[in-house]
Enquirer: 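The structure's right below; bear with me while I get my questions together.
Because the structure is a prediction, the values reported are computed rather than measured.
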Amino acid sequence: MTETSPEIKDQLAQILENQKALAERNDELAIENGKLKKQLDELASKGLPKDGVEAEEPVIPAESFKVNKSVFKFNLARFFVPGIGEVSATDALADKKKRKELAIDGKDLTITEWLVAKGSGVIDEVVA
Amino acid sequence: MAIAASDVVTEYGSYYLDHGQSAQDLYAKLLRPSVTASHFRTVPTTETVKRYGTAELNRILQPFQKAFTPIGTTTFKPTKIELYELKIDMQEFPDDIADSWLSFLEGPGIKRADWPLVRWLMEVKIPERRDEDYELNEAYAGVFAAPTPGTAGGAGTAMDGIKQVMTALGARINTITMGAIPSADIDFCTYVEDYVKNHPIEYRRRIDNVYMNETLHLRYREGKRQKYNASYAQAADLDTLYHFPNVKVVGLPSHGASNKLWSTLPSNRLRLVKRNPKSLEVQEGTPRQVNIYGDWWEALNFQHPESVFKSDLA
């Protein structure tokens, strides 16, 4: 029986190594797949479609918000905030994060606090 | 509606003496020319409602895999632009000037519709007044209100001006929250620069002008002069933005006291026109009465509202 040449042995070793790597990758993907399926089932149980949801048109929120004892309401559904980018009024209402980009006199502010401080026209003060 | 010449008659008498006076002896206060409409692309039309559409396609590029995984949604939106009909109606009794210093405007032996008075009104006074009424009352500040039948409509009700158009388009127009106008001119220069800086990157190099009222325009020029403390060879340099020399600040008379800034692509500003706004007709009605009238349809609007930007002040 002829002995296998060193070159062929190297090639075989490489092939076996590649096969092992592919098998490991396959196992990883199978685990990830399982996790994604579980997430989809959880979404489906909440009544959301598995194919994804199209982004809805932003709306002007009916709720008001309070800053410094004054009450305000949004009059526009979406707008650009310098340093932040495009924001929907609904998201601005829900966002409670004090932001460095919106700081005035060294004090970080939330989006709604910044809009009030700037006298922005996208909000109206609600007078009782 | 009438010729009010009583003050001339009181001062110069109810008779005509030819001292060589002519229309060149008639002076008037300066009226504002029509400027705003010149920034809009005139599109003649035969329709009174123009329909456009916008089409947006979201992300389509993705990494390769053998499975067919389509993405990308094409969204069509309608943009309907209604034109408004504007008119000029004037009624005069040319004989009111016959027995006065103004009688050089009379035309003895010719039809009253051809009198120099009527020609002077049609060629000089009416166009001046039409342009100022359009500029100061309608082009920006106008809010259309249907007139009561038989009663002349009020100033600023002939059409929706740019401000009302932007309000009606709501969230389709991009609002950049800039807040109150700073009191210092140098800070206002920074305010305008920040306004442009906060446009999406793809628009910053494509918009041509930032429109505002004339007082704010002057404040910007003063602020830029103070901020950059340099002498400029041409006055036009004070109108451009330091980091965006493609953008000019333009003050429009139509903006009055409005604090709004707005901007868009040059091709996006439309002035739709049906019939010639400068065309006037004259007709002799009941004996000795001359009617001068003209009418046309027009609208100032935007072809792609999603490419319009404005600040958040009124």
Enquirer: Does the side chain of A:Ser88 come under 3.5 Å of the side chain of A:Asp91 through a donor N or O and an acceptor N or O?
Expert: yes
Enquirer: Quick check: does any side chain N or O of B:Asn137 sit under 3.5 Å from a backbone N or O of B:Gly156, one acting as donor and the other as acceptor?
Expert: no
Enquirer: Can you say whether A:Ile123 sits under 4.5 Å from chain B via the side chain, the backbone, both, or neither, judging by heavy atoms?
Expert: neither
Enquirer: Is a salt bridge present between B:Asp185 and B:Arg219, judged by a nitrogen-to-oxygen distance below 4.0 Å?
Expert: yes
Enquirer: Should we count CG of A:Leu16 as having more than 12 external heavy atoms under 6.0 Å?
Expert: yes
Enquirer: Could you tell me which of A:Pro82, A:Gly119, A:Ala77 has the largest number of non-hydrogen atom pairs under 4.5 Å with chain B?
Expert: A:Pro82
Enquirer: Quick one: of B:Asn259, B:Leu313, B:Asn174, who has the most non-hydrogen atom pairs under 4.5 Å with chain A?
Expert: B:Asn174
